[in-house]
Amino acid sequence: MKKFFYNGTIYTMYEECPRINNCLIEGERIEKLNLSEEEIARLDGNVEKIDLYGKTMLPGFHDSHLHGVAYAYQNCFCVNLEDAASIRDVICRMREFIKERKIPSGGGIVGMGWNHENFEEKRLITKEDLDKVSSEHYIFAKRCDIHTASVNTKTAELCGLKALADKGDKNIGRYESGTINGIIYENAVRQVVQYIPPLSLEEIESLILFTANEARKAGLTSLQSDDMQMFSDFVSREHILHAYDKLRREKRLPLRVVEQIQITSIDEYQDFLKIFQTMKTDDFFSFGIIKLLLDGTLGSETAALTKPYRSDCSNFGVLNFSNEELTRIIKFCINHNLQIMCHTIGDAAVNQFLSVIDECRGNEKISPSPRLVHCQIMRDNQITKMAELGIHADVQPMFVLSDAKIINQKLQKETNHKWFAWKTMIKNGIHLNGSSDSPVDTFHPMAEIAAAVTRHVEDDKGSESWEPEERLSITEALQMYTIKPAESILRGDKLGQIREGYLADFVVLNQNPYLISPEEIKNIKILDTFCAGTRNQQIKGEKENEIRF
């Protein structure tokens, strides 16, 4: 079946032809652009004509890094603590959750999304706090960055945290007395996650579809999802991969997903490889990206820095891999044509990666291009080195809205420091991809694009642009969510543009982002999405008589 789109403003993200009048698709692909009046007149009755009624159409949006299963799990199975205003609030919400769900003694409760920077108490949650929720249940509460969590005494005993702390595990928090305080970081969080009972294949499948359908409503037609560390047990990870594969085979995935395989060792990847060998890939589900967490986060003060945090002159954050370990994994990825993608928030983590990748590459650039996720704390020489090595950056515009409020409190900026340096990166020739890192932040491409264009941070004094010299143009911001992530996964020849022969992935907006003020972009609504030519029937116009498709 052919579809003909007309009477709208269509931006292609294709530089040689940035704007077109109409578009004809057949099946899953774009057949022709800018049909003449004669060609339009020859369209027969078998062509579905779709009047855009003056609205704006763009290539479907592409989130280059999020945690899709975690987003759904948080929304469907967990206590939402995102807007908790105090530790007392956390305790009350978790108590109420136990009561409403009638969870018996010995059951587990997972809280997600709390941020101590928003608490009245301005401190992390301890085991004593969570003991007030219940001493009969296993309580586990993850901070919004997912790199820090808190447990109650019962959970700490189940996981043997005291014994691990006594063996010198620095990721387990303690009081000055040496007693564990129930706060855990980085690898210790993953150790505790393994005690969460595994979900069935059917439950995992429902989580994937929940996120996919929510993402389609937000205008997304492609996701790159890091799901493998959501659960520590291998059964759940296997279920996630098999669920994606099953949905792909049954043609029930409503958008495209590329799995980013987060690992801690080559041996761990070899376990996944046994599963991959039983699967096929296509344009709706694929894998081949290896994800590593090189450091922690700013909120938890575990991001690895070259200068200490203001609060503690002995704290430089955490590097999760030695240079030797990182070298082994990167060489393995290069030899097996796997794309390497590393979480780096602090400049010390960036230093480690640049040093190791430069040593591993020899005299040639690596393909597929290595990628750094976040790149929040950078130095001038690191940006130029990234450009020289052809390394891509996956950045999260919404983070500037939250982290700008705390970054000045935690760090001391030097003259050669760059924070959230998106414009500087582009000027230096660095390929920039846009992402949400959901559920750390919500996936809403128009809000993310607005944040990239305005960098507006609100406080008691109002709203102002934070380091406005790093703001992006509308085109640069739109490219971060269309053409750029497609190119990063070597699909720039079929995704991210409205172009003849490309896959028919579109988003329809109620307003034109080029014709309104930057401050209004975040309020643009998604009217419809098309993935492989198939529309999202759940999306309707704002008003019954405003727009019909």
Side-chain angles (χ1 to χ4, degrees), residues 3 5 8-13 23 25 28 30 50 52-66 68 71-72 209-225 253-258 283-284 396-398 433-439 441-453 472 474-486 491 495-498 502-516 518 520-542 546-547 549:
K3 295 184 177 74
F5 298 82
T9 304
I10 304 175
Y11 293 104
T12 66
M13 295 295 116
C23 172
I25 70 172
E28 297 185 358
I30 299 169
I50 300 176
L52 295 171
Y53 291 92
K55 303 304 179 181
T56 299
M57 189 164 85
L58 294 164
F61 293 133
H62 186 152
D63 193 313
S64 73
H65 173 68
L66 51 66
Y71 170 82
L209 289 174
F210 177 88
T211 295
N213 286 318
E214 290 296 303
R216 273 286 295 264
K217 292 176 186 177
L220 288 156
T221 54
S222 293
L223 306 177
Q224 296 180 51
S225 189
L253 266 178
L255 44 61
R256 309 180 195 281
V257 179
V258 179
D283 289 327
F284 271 90
Q396 297 72 40
M398 294 297 285
N433 305 314
S435 88
S436 63
D437 203 18
S438 178
D441 215 306
T442 184
F443 47 75
H444 188 329
M446 294 317 305
E448 294 156 28
I449 288 163
V453 170
L472 301 184
I474 293 175
T475 296
E476 288 168 336
L478 287 171
Q479 287 178 340
M480 285 203 308
Y481 289 90
T482 52
I483 184 172
K484 294 300 183 181
R491 294 188 190 174
L495 282 177
Q497 300 175 64
I498 298 177
Y502 277 54
L503 291 164
D505 294 1
F506 313 127
V507 60
V508 182
L509 312 177
N510 73 328
Q511 290 180 285
N512 187 331
Y514 286 96
L515 300 182
I516 59 177
E520 293 178 287
I521 292 174
K522 66 178 182 294
N523 298 321
I524 290 177
K525 290 185 172 63
I526 307 302
L527 295 179
D528 212 341
T529 53
F530 292 78
C531 186
T534 301
R535 75 190 322 161
N536 190 349
Q537 297 287 0
Q538 297 177 5
I539 296 178
K540 299 178 181 178
E542 297 166 88
E546 180 185 2
I547 180 169
F549 290 102

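Computed from a predicted model, the values in this text were never measured in an experiment. In this chain, residues are counted from 1 in sequence order.
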CA sep, side-chain torsions, deciding dist, call: T56, L515, side-chain contact (heavy atoms from CB on, under 4.5 Å): CA-CA 11 Å; T56 299; L515 300 182; over 6 Å; no
Intermediate values then yes/no, side-chain contact (heavy atoms from CB on, under 4.5 Å), L58 and M13: CA-CA 8 Å; L58 294 164; M13 295 295 116; 4.2 Å; yes
Intermediate values then yes/no, side-chain contact (heavy atoms from CB on, under 4.5 Å), M446 and L509: CA-CA 10 Å; M446 294 317 305; L509 312 177; 4.3 Å; yes
From CA spacing to verdict: side-chain contact (heavy atoms from CB on, under 4.5 Å), R256, F284: CA-CA 4 Å; R256 309 180 195 281; F284 271 90; 3.5 Å; yes
Verdict with reasoning, F61 to F443, per ring pair (Phe, Tyr, Trp, His ring centres under 6.0 Å): CA-CA 11 Å; F61 293 133; F443 47 75; over 10 Å; no
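Summarising the geometry, atom CD1 belonging to I50 is positioned 6.0 Å from atom NZ belonging to K3; distances are rounded to the nearest 0.5 Å. The distance from the OG1 atom of T211 to the CZ atom of R216 is 14.5 Å, given to the nearest 0.5 Å. Summarising the geometry, atom CD1 belonging to I521 is positioned 13.0 Å from atom CD belonging to E448; distances are rounded to the nearest 0.5 Å. Taking CG of N510 as the start and CG of L527 as the end, the distance is 5.0 Å to the nearest 0.5 Å. Put simply, OG on S64 and CE on M480 are 9.0 Å apart, with the number rounded to the nearest 0.5 Å. How far CD of Q479 is from CD1 of I449: 11.0 Å, rounded to the nearest 0.5 Å.
Using a distance-only test at 3.5 Å, with no hydrogens or angles considered, no donor-acceptor pair links the side chain of E214 to the main chain of F210. Judged purely by atom type and a 3.5 angstrom limit, D505 has no side-chain atom pairing as donor or acceptor with the backbone of C531.
Between F5 and F530, the ring planes are perpendicular. Angles over 60° get that label, and only those under 30° would be called parallel.
Summarising the geometry of G219 relative to T529, their closest heavy-atom pair is CA-CG2, 3.3 Å, with the distance given to 0.1 Å. Counting all heavy atoms, side chain and backbone alike, A212 lies closest to P254 at CB-CG, 3.5 Å. In this structure, K217 and I526 approach most closely via the heavy-atom pair O-CB, 3.5 Å. Residue V453 comes nearest to A477 through the heavy atom pair CG2-CB, 3.8 Å, listed as atom of the first residue, atom of the second, then distance. Nearest heavy atoms, C23 versus I30: SG-CG2, 3.9 Å. The two residues A450 and P518 make their nearest non-hydrogen contact at CB-O, 4.3 Å.
Ion pairing between D528 and K55 fails under the 4.0 Å rule for side-chain N and carboxylate O.
Between the side chains of T475 and Y514, a donor-acceptor pair is found at a separation under 3.5 Å. Looking at Q497 and T12, their side chains never bring a donor and an acceptor atom within 3.5 Å of each other.
Residues satisfying the salt bridge (charged side-chain N to carboxylate O under 4.0 Å, His left out) test with D63, not counting sequence neighbours, are none. Taking S438 as the reference, nothing meets the side chain to side chain donor-acceptor pair (under 3.5 Å) condition, with sequence neighbours excluded.
Side-chain contact between N213 and L209 is present, with at least one heavy-atom pair separated by less than 4.5 Å. Between S436 and Y71 the shortest side-chain heavy-atom distance does not fall below 4.5 Å. Between Q224 and H65 the shortest side-chain heavy-atom distance does not fall below 4.5 Å. Contact annotation: the side chain of P59 never approaches that of I483 to less than 4.5 Å [non-hydrogen atoms, C-beta and beyond]. Residues L52 and M57 meet the side-chain proximity criterion, which asks for heavy atoms closer than 4.5 Å. Side-chain contact between I25 and F506 is present, with at least one heavy-atom pair separated by less than 4.5 Å.
Just one residue in the list L255, L495, L503, D283 forms a side-chain contact (heavy atoms from CB on, under 4.5 Å) with S222, and that residue is L495.
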